[in-house]
Asker: 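Please find one structure pasted underneath; my questions will follow.
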Amino acid sequence: MSHIFPRHSRQSPPVAVRGEGCYLYDASGKAYLDGSGGAAVSCLGHGDRTVIDAVKSQLDALAFAHTGFFTSEPAEALADLLIAHAPEGLDRVYLVSGGSEATEAAIKLARQYFVEIGQPQRGKLIARQQSYHGNTIGALSAGGNAWRRAQFGPLLLDVSHIAPCYPYRLQRDDESPEDYGLRAAQALEDEILAQGPETVMAFMAEPVVGATAGALAPAPGYFRRIREICDRYGVLLILDEVMCGMGRTGTLFACEQDGIAPDIACIAKGLGAGYQPLGAMLCTGAIYDAIRDGSGFFQHGHTYVGHPAAAAAGHAVVSALLDRGLVARSAAQGEALADRLEARFGQHPHVGDLRGRGLFRGVELVADRETKAPFDPARGVAPKVKKAAFEAGLICYPMQGTIDGRQGDHVLLAPPFIVEDAQLDELVDKLAVAIDAAT
Ligand SMILES: Cc1ncc(COP(=O)(O)O)c(C=O)c1O
C-alpha cells in the first residue's frame, strides 16, 4: 500500500529503477525507449557520467547556502555560461527550481519593472490559447489550455488570450505562410489596442508550443512582427522556452531561429536535463537596471533559488550541450526523425500533420485526413496511444485537446540528443504500432 499521492489514483505505474542512455528500466527489467525525454527533459539521456560527477563533487564541497546570505561558485558560473550564449540583450539570470517557478517569476518581474519605472498602470498580461506555462496560479492563468484551467477558474488572474499561430488549422488556402504569420501576429496588436496600450505590461508565448499543441512551430515572420508590436507599445516580450529551449529545436534558444530576442526568457527542463530540479529566468540589462536603480530588490524569492547542486548540474549540462556538439546533433537527428515520420505517417489515414523543429516533433492525429476532423474526445485516442506505446516499450507524450483544450489529439516526441538512427527506427516502429492500436 503506497503513501505516495500519485498523478492518477486509478493507475499504478511500474517502479523505475535504472536509466542508461536513451532507455529507462523498471523493476521487472523491462526496457523503455525514452522517446519524449519524459516531458522534453532528458536531453542528455540517462546516466550521464559528467553531470552526475559534477553534482556529486558539488555536494561534497557545498550542498546549500541560502541566497539571502551568499552567492555560490556554481550559480555564478552557470549564469556566466548562459549569458555568454543567450540572445542579445539578456544579461541577468535568476535561478529557480523548475518551469513554473521561472514563468511565475517572469510575470512578477514584468509587473515590478513597470512599477519601478513609474508606469504602475501597466498590469495586464496577454498570452495565447493552447499554450502551457505551468501549473502554479500565475503560470496557469497565463496558459491558455481550457482543460487544465477549467476547475480553477475562480482562482485565476485575468489574462487575455489571443489565438495561437497554428498553420495546419488556421492558415487559409489563399494565404502564403508569411501572410498567415503576419495575420496571426496582428491579433496581438488588436488585443493591445482593445485592452488599452498604456495598461498592458507583457505578452508571453512559447516560441514552439509544446505539451498542449504538439511541437507547434510558428509561421515565418510571426515572431518578428510580434517583437515589432511589443516594441511599438512598450510591452515586454516574455518567451517561455521551458520546453523548447536548451537545444531542443536545434539551436540553444528556440527564438534564435525566429531572429528575435525577448526581454525575458524562461528555461527549465533540458537545463537540468533531469539530473536536478532546475529552471531559470533571464532578463535584459535594462530590466535589471530598473530594479537596481529603483528599489534595489526584486520582491520575490524561494528557499531554493540558486541551489548550488542544481546550478552545478545545469553548468555541466549546458557545457555538455556546447562542448559535445549536441545542439547541432539535435538539429541533425531531428531531420532524421522527421524523415522517418514522413515515410511512416505521411500518408497515414489518421495522421493530419507532422511538425516541429530539431528533436521536438509533433504528430497530430485526426479522424479524417481530408476534412481534418478530429476524433471524438470521448474515444480517448491520445491516452490510448500512450498506453499502447508504453506496453510496447516506448515512452512518448500524447495529449488531447490540441485544437481547443477539448478536441484534437497529438503525440509529442522529444528523444535525448544522443539518440542513434537505430533508436529512431525503433521509436517510429513502436509509435506506429501504438497509433494503429488506438485509432
Ligand atoms: C512551456 C512550458 N512552460 C512551463 C512549464 C512548467 O514547468 P514545470 O513543470 O517544471 O513547472 C512547462 C512544463 O511542461 C512547459 O512545457
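What you see below is based on every heavy atom in this structure, not just the backbone, and it leaves out hydrogens, waters and symmetry mates. First listed ligand is number 1; within each ligand, the first listed atom is number 1.
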Asker: Check contact between Glu101 and ligand 1, using heavy atoms of the residue and a distance below 4.0 angstrom.
Answerer: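 Contact check Glu101 vs ligand 1: negative.
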Asker: Does only the side chain of Ser100 get under 4.0 Å from ligand 1, or the backbone, or both, or neither? Count heavy atoms.
Answerer: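 Answer for Ser100: both.
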Asker: Which protein non-hydrogen atom lies closest to atom 5 (C) of ligand 1, naming both residue and atom, and how far is it?
Answerer: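 The closest heavy atom on the protein side is Val242 CG1, 3.7 Å.
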Asker: Identify the closest protein heavy atom to atom 3 (N) of ligand 1: which residue and atom is it, and at what distance?
Answerer: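 Going atom by atom, the protein heavy atom closest to atom 3 (N) of ligand 1 ends up being Asp240 OD2, 2.7 Å.
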Asker: For Asp48, is there an ion pair with Arg324 - N to carboxylate O distance below 4.0 angstrom?
Answerer: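 Salt bridge: yes.
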Asker: Can a donor-acceptor pair be found, under 3.5 Å and without considering hydrogens, that links the side chain of Tyr275 to the backbone of Gly47?
Answerer: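 At least one qualifying donor-acceptor pair exists.
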Asker: Hey, can you tell me if Phe375 and His350 have their rings parallel, tilted or perpendicular (30° and 60° cut-offs)?
Answerer: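 Tilted.
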Asker: Indicate yes or no for a side-chain donor-acceptor contact from Gln130 to the backbone of Gly401 under 3.5 Å, with no hydrogens or angles considered.
Answerer: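 Here the side-chain-to-backbone pair exists.
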Asker: Would you say Thr103 and ligand 1 have an N/O pair spaced under 3.5 Å apart?
Answerer: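 Not met; the criterion fails.
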Asker: Would one find an N or O of Gly99, backbone or side chain, under 3.5 Å from an N or O of ligand 1?
Answerer: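 Among all N and O atoms of Gly99, at least one is under 3.5 Å from an N or O of ligand 1.
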Asker: Between Arg92 and Ile83, is there a donor-acceptor pair closer than 3.5 Å when you use the side chain of the first and the backbone of the second?
Answerer: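 Side chain of Arg92 to backbone of Ile83: no pair is present.
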Asker: Taking the six-membered ring for Trp, are Tyr94 and His300 parallel (under 30°), tilted (30 to 60°) or perpendicular (over 60°)?
Answerer: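 Ring orientation, 0 to 90° scale: tilted.
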Asker: Measure Glu206 to ligand 1 on non-hydrogen atoms and call it side chain, backbone, both or neither using the 4.0 Å cut-off.
Answerer: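 Near ligand 1, Glu206 shows its side chain, while the N, CA, C and O stay back.
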Asker: Can you tell me the protein heavy atom closest to atom 14 (O) of ligand 1 and the distance?
Answerer: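 Closest protein heavy atom to atom 14 (O) of ligand 1: Lys269 NZ, 2.9 Å.
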